[in-house]
Amino acid sequence: MLIGPRDDTRELEQLQSDVMDVTQAMLALPIRLPRTRFYRGLQARKRIMDALRQEISTRRENGLKLDHRDDFLQTLLLKSHMDSPEEALTDEQILDNILTLIIAGQVTTATAITWMVKYLGDNTDLQEKLRSVQLDLASKHNDAPLTLQHLNTMDYAYKTVKESLRMATIVSWFPRVALKDCQVAGFHIKKDWLVNVDARSIHYDPTIYDSPTVFDPSRFNDDMKPYSFLAFGAGSRTCLGMNLAKIMMLIFLHRLVTNFRFQL
Ligand code: HEM
């Protein structure tokens with residue numbers, strides 16, 4: 001989707017391991033010494049950028065318009081090719097955009113799906129209920145390939161996705177800098193203070209969610225308090241890939257429960 005399918009398995013494995021190293025470095029102490037997690041992340045980032053640079057130059061050599069790839073890198077390249085020089089993205093900006101989307105979208109979604117499988121494996125009664133709803137939907141759709149319209153009818157599955165995201169809280173906190181003195185819920189916050197929004201604590205707050213440690217998709221039958229569900233953040237920095245992630249999780253869930261029965 002971002003840079004098209006990779007033909008070379010070794011290249012793909014290297015990319016996956018590099019993405020993992022960059023992700024882990026983001027949570028490491030910033031010590032630039034060989035063998036540290038941070039240093040490994042920097043090296044991995046450089047390898048990813050070099051590989052992407054190589055990909056860009058190959059596509060340019062092949063002639064962008066003749067190279068009929070249907071992925072995000074191609075879209076950015078074609079756009080920068082057609083834009084006026086002042087508006088066009090530089091290669092470095094294109095590379096940064098692709099790397100951001102790989103890092104922000106890959107491990108988050110994979111981790112969210114893994115937790116969803118675990119919660120359903122632990123709660124086989126809910127899994128059974130979901131299976132029956134999804135099989136019923138599949139038969140109504142005559143087992144046709146899934147479309148957005150189909151996904152929009154998957155109410156219980158969507159609540160299962162949300163409940164998994166609440167309990168797993170993949171991005172646990174969002175660091176911010178206060179731009180001016182302000183008050184939040186009676187607390188005085190001074191300009192330049194570092195503030196952490198603790199999404200996990202909100203997701204497990206019993207005054208917001210009844211029995212917060214219980215996996216219960218039906219809790220989302222009721223209207224929610226504003227800012228009580230922060231799996232994708234909130235406000236102007238809300239996750240850019242939120243809808244894509246929800247779609248990927250829904251499709252995975254549908255395929256999983258309509259084909260397998262599992263327990264952990
Ligand atoms: C289940 C999967 C995902 C979760 C839980 C998730 C979570 C988040 C959260 C909490 C933020 C806000 C961070 C903050 O406010 O500091 C965020 C931002 C972002 N996410 Fe996601 N994300 C997911 C999937 C994706 C995907 C699939 C993509 C793209 C392909 C993506 C791209 C981004 C980008 C670009 C931002 C930064 C937005 C900005 O700062 O303007 N995410 N994500």
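As the structure is a computational prediction, the values presented were derived from the model and not from experiment. Counting starts at 1 for both ligands and their atoms, in listed order.
Judged purely by atom type and a 3.5 angstrom limit, Asn97 has no side-chain atom pairing as donor or acceptor with the backbone of Ile94.
Between Phe215 and Tyr119, the ring-plane angle classifies as parallel under the 30° and 60° cut-offs.
One finds no salt bridge joining Lys159 and Glu163 here, because no Lys/Arg side-chain nitrogen approaches an Asp/Glu carboxylate oxygen to under 4.0 Å. Using a 4.0 Å cut-off between a side-chain N of Lys or Arg and a carboxylate O of Asp or Glu, Asp125 and Lys129 do not qualify as a salt bridge.
Remark: ligand 1 and Arg176 share an N or O pair separated by less than 3.5 Å (distance only, no angle test).
Summarising the geometry of Asp50 relative to Arg53, their closest heavy-atom pair is OD1-NH1, 3.0 Å, with the distance given to 0.1 Å. Minimum heavy-atom separation, Phe232 to Ala245: CE2-CB, 4.0 Å.
Seen from the ring of Tyr158, Lys246 does not count as a face-on cation partner, given the 6.0 Å and 45° thresholds.
Near Ala112, with a cut-off below 4.0 Å to any heavy atom, the atoms of ligand 1 are 1 (C). The distance from ligand 1 to the heavy atoms of Ala231 drops below 4.0 Å at these ligand atoms: 5 (C), 7 (C), 10 (C).
Within the set Trp173, Trp115, Phe174, the minimum heavy-atom distance to atom 10 (C) of ligand 1 is found for Phe174. Comparing heavy-atom distances from atom 38 (C) of ligand 1 across Arg237, Met249, Lys246 singles out Arg237 as nearest.
Side-chain contact check for Met167 versus His203: every heavy-atom pair is 4.5 Å or farther apart.
Inspection of the Arg10 and Gln14 side chains reveals no N or O donor paired with an N or O acceptor under 3.5 Å.
Note on atom 21 (Fe) of ligand 1: protein N/O/S atoms under 2.8 Å are Cys239 SG.
Distance remark: protein heavy atom present below 4.0 angstrom from atom 32 (C) of ligand 1.
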